[in-house]
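Here is how names work: the chains are called A, B, and so on, in the same order as the sequence lines, proteins then strands, and each is numbered from 1.
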There are 2 protein chains.
Amino acid sequence: MGHNRATLADVARRAGLSKTAASMVLNGREGTRLSAEAHQRVFAAAEELGYRPNVAARSLRTRKTATIAFVSDIVATTRFAGDLIRGALDAARERDHVLLIAETQGDPAFERHAIDAMLDRQVDGVIYAAMATRRLTVPQALRAGPVVLLNATSPDDLPCVLPDDEGAGRTATTTLLDRGHRDRIAVIGRNRLKETDPEVSLAAAARLRGIRAALADVGAGVPREVFCQDWLPEHGYAAMRTLLRRPDRPTAVVCMNDRLAFGAYQALAEAGLEVPRDVSVVSFDDDPIAAWLRPGLSTVALPHETMGRRAVELLLDDRAIGSTVVPMSLRRRGSVAPPADPGPPDAAGPGPR
Amino acid sequence: MGHNRATLADVARRAGLSKTAASMVLNGREGTRLSAEAHQRVFAAAEELGYRPNVAARSLRTRKTATIAFVSDIVATTRFAGDLIRGALDAARERDHVLLIAETQGDPAFERHAIDAMLDRQVDGVIYAAMATRRLTVPQALRAGPVVLLNATSPDDLPCVLPDDEGAGRTATTTLLDRGHRDRIAVIGRNRLKETDPEVSLAAAARLRGIRAALADVGAGVPREVFCQDWLPEHGYAAMRTLLRRPDRPTAVVCMNDRLAFGAYQALAEAGLEVPRDVSVVSFDDDPIAAWLRPGLSTVALPHETMGRRAVELLLDDRAIGSTVVPMSLRRRGSVAPPADPGPPDAAGPGPR
DNA sequence: CTGTTAGCGCTTTCAA
DNA sequence: TTGAAAGCGCTAACAG
């Protein structure tokens, strides 16, 4: 690849100057001024030869590669991984950097291998990303240089970028409260494991805190909460059925993520209930599916693209300290409306329509 | 990053040998044999110092970087991008290579920039990926070295990796035929632009060819085909409503992708029709949503992970010639059943349940 | 069998 | 104002 590229020596020769002179002109070094004419000649020569510096050679000297390692546990599983990467890519491009990516698949051997591979290539820094917001411990090898955790924290307070899940919880809930829901709001997606083990999830507990805080602010009653084994559509479906079986059907539910909400939609439709007329729904993530549902699902979006971008900014500006929390904002679609009417606290719900 | 790494000189010194000797041992060069004891000493020294070669330095000499550029038009939009990358990543890891990624966003300026950045870093080859299977022209700059097109072809027959969309069309259709559907199969998602402009899509025409061929094989009638402006759920929804409005409701539909199928499901549910009892559905892609629908959607999966892997293999083994077509296989879920009964070719359908 | 000597292409003292 | 020379860490000729 790139066989006969012109070298700096070629440029210098053509310009009738030394490599030093050429180098200085091309790098805009002010250390010592060359004649305007020398500048001209060098630029002209470089232009004519289509000169491009060899980054490997340069970095051997400068110990800078303008390359960032992006190491994540899993890249493919979720669409969100792409957003994280895209944000990082954008920011990197703006600063003339490039991303070397690797995936550990949660396997320590792969991880070790990946990190070595990156370090061997003298990357300027490492972004260590998790696909689910969580706490993790970064391998010792990374301590050698700048690191930013993306969508993760570590026990030892490395600089990190996180989404504001607690704020998101408030936002979701407030949306409901603003429309007049209050004492019959339910929560779908409580999960002991996700809420208690920070290595599994940081989002679950934070979202719940936000939800409860918003409710407490207006003195609303404790919401009905349904536990789910995981956050997949089938669990949301089951949870919603559970809720519908009870006497006082909720006027609104907040689902811990969009997949749960999708399942909830399915159960609602099956019960002949209409969103948002009979039940309002809000959730989190802004999975593509949120826009595809009928009606569109109002959801608090994960700011993954911004997070990815922020991570490289922190890394390169090395003002990276503490945690950077990125706000999450509501994508308003059609799934929220005022409660139909208080209704008698008995029946499970009317038939279709 | 990686400040005080031991260098080859350190290892040599510690082993009491020359850099040359150390280099040879470490690289397992057989050119000239060193004493067994020398081997021992070198390995021991390297081990003790935690020596790792500096890839930049090495590549300055060898002109090999063990780095592959992965340039794509869009990485984030679809989940499939992740699969392509993941496959490539896996294959690269197995061969001790690493991926430098960049995204052009379809912008020629970005593209130029990205390619320069990669070439400046002396990558060993380039994988040029498109997110929708299509034809494209690769920038001249890439002709300098090995290139493999991923999910794309070019007018000048660069080596490429493509999914077998025509086979997929046959597979989808055959699934229906095998269950007894025949003359009342409909197709959702015809699209003039996608079918005629190879720079937009290669998949649409190929899938359609496959569908028709399978039908022709059994002498089935020409299917009812509905055009869609795009392949999004809303279009599938509209298309299905159109079909249901006609007198002879289809017993089965093949949708050009899963998003259309999702829309079709919505229209079916709304009409009080049940999948697969009243209408069977098959489609293409294996979008995550296919597994989330109720019942699960049978769909012919895009083999993106395999494709990504294949691209790397072709590039590195440089036996890269012509096009490599990767088969697509059916994910059998619950959306296909035998037709209920021939039924009178009149009514639009019964009420709910 | 082993070690010395040149570079790869670049930046950076240091002298002229 | 400019240029020669050294050297980043490594490998490949070429002598010993």
Side-chain angles (χ1 to χ4, degrees), chain A residues 1-42 45-46 49-67 116 119-124, chain B residues 1-42 45-46 49-67 116 119-124:
Chain A
M1 201 102 224
H3 291 120
N4 324 327
R5 287 166 60 118
T7 99
L8 184 63
D10 296 329
V11 174
R13 193 172 318 117
R14 178 160 195 135
L17 292 168
S18 70
K19 288 195 303 174
T20 312
S23 171
M24 289 185 142
V25 169
L26 259 13
N27 293 313
R29 295 319 228 83
E30 291 304 330
T32 136
R33 269 187 295 282
L34 301 198
S35 67
E37 195 225 337
H39 275 247
Q40 284 309 324
R41 290 219 307 273
V42 170
L49 296 172
Y51 171 74
R52 303 228 94 224
N54 178 324
V55 175
R58 170 186 289 167
S59 70
L60 198 52
R61 263 317 327 214
T62 61
R63 336 219 61 171
K64 294 236 156 284
T65 49
T67 302
D116 282 347
L119 262 26
D120 292 351
R121 284 168 180 79
Q122 317 294 119
V123 294
D124 294 340
Chain B
M1 201 101 223
H3 292 119
N4 324 326
R5 289 167 60 119
T7 102
L8 184 64
D10 296 330
V11 173
R13 194 173 317 118
R14 178 157 195 139
L17 291 170
S18 71
K19 288 194 303 175
T20 313
S23 171
M24 288 185 143
V25 169
L26 261 12
N27 293 315
R29 295 320 227 84
E30 291 304 329
T32 137
R33 267 186 295 284
L34 301 199
S35 67
E37 196 225 336
H39 274 248
Q40 284 309 324
R41 291 219 305 275
V42 171
L49 296 171
Y51 171 75
R52 304 225 94 224
N54 179 325
V55 176
R58 169 185 292 166
S59 70
L60 198 52
R61 245 355 293 228
T62 60
R63 335 219 60 164
K64 294 233 155 285
T65 50
T67 302
D116 282 347
L119 262 25
D120 291 352
R121 286 169 180 78
Q122 318 294 120
V123 294
D124 294 340

(request) Enter the distance from A/Asn27:CG to A/Arg58:CZ here, rounded to the nearest 0.5 Å. (result) 5.5 Å
(request) Ignoring backbone atoms, establish whether B/Asn54 has a side-chain N or O less than 4.0 Å from OP1 or OP2 of D/dC8. (result) no
(message) Does any part of the side chain of A/Asn54, heavy atoms only, come nearer than 4.5 Å to the side chain of A/Arg5, both counted from C-beta?
(response) no
(message) Looking only at side-chain N and O atoms, does B/Thr67 offer a donor or acceptor that is under 3.5 Å from a partner on A/Arg121?
(response) yes
(message) When you measure from the side-chain N and O atoms of B/Thr62 to the phosphate of D/dT11, is any distance below 4.0 Å, counting only OP1 and OP2?
(response) no
(request) Working to the nearest 0.5 Å, report the span between CG of A/Leu26 and CZ of A/Arg52. (result) 10.5 Å
(message) Main chain of B/Val55, side chain of B/Ser59: is a donor-acceptor contact present, judged purely on distance under 3.5 Å?
(response) yes
(request) Return the value, rounded to whole Å, for the distance between atom CG of B/Leu60 and atom P of C/dG7. (result) 14 Å
(message) Please report the distance, rounded to the nearest Å, between CZ in A/Arg13 and P in C/dG9.
(response) 11 Å
(request) Determine: side-chain N/O of A/Ser59 to OP1/OP2 of D/dC8, distance under 4.0 Å, yes or no. (result) no
(request) Return no unless some side-chain N or O of B/Arg58 is found under 4.0 Å from OP1 or OP2 of D/dT11. (result) yes
(request) Please report the shortest heavy-atom distance between A/Ala57 and B/Leu60, naming the atom on each side. (result) CB-CD1, 3.5 Å
(request) Specify the separation, in whole Å, of atom CE of A/Met24 and atom P of D/dT1. (result) 14 Å
(request) Rounded off to whole Å, could you give me the CZ-to-P distance for the A/Arg63 and C/dG9 pair? (result) 20 Å
(request) Taking only the side-chain nitrogens and oxygens of A/Ser23, find out if one of them lies under 4.0 Å from OP1 or OP2 of C/dT12. (result) no
Name the pairs: protein N/O against N/O of nucleotides 4-6 of chain C, kept only if under 3.5 Å.
residue : atom : partner : partner atom : Å
C/dT4   : O4   : B/Thr20 : OG1          : 2.5

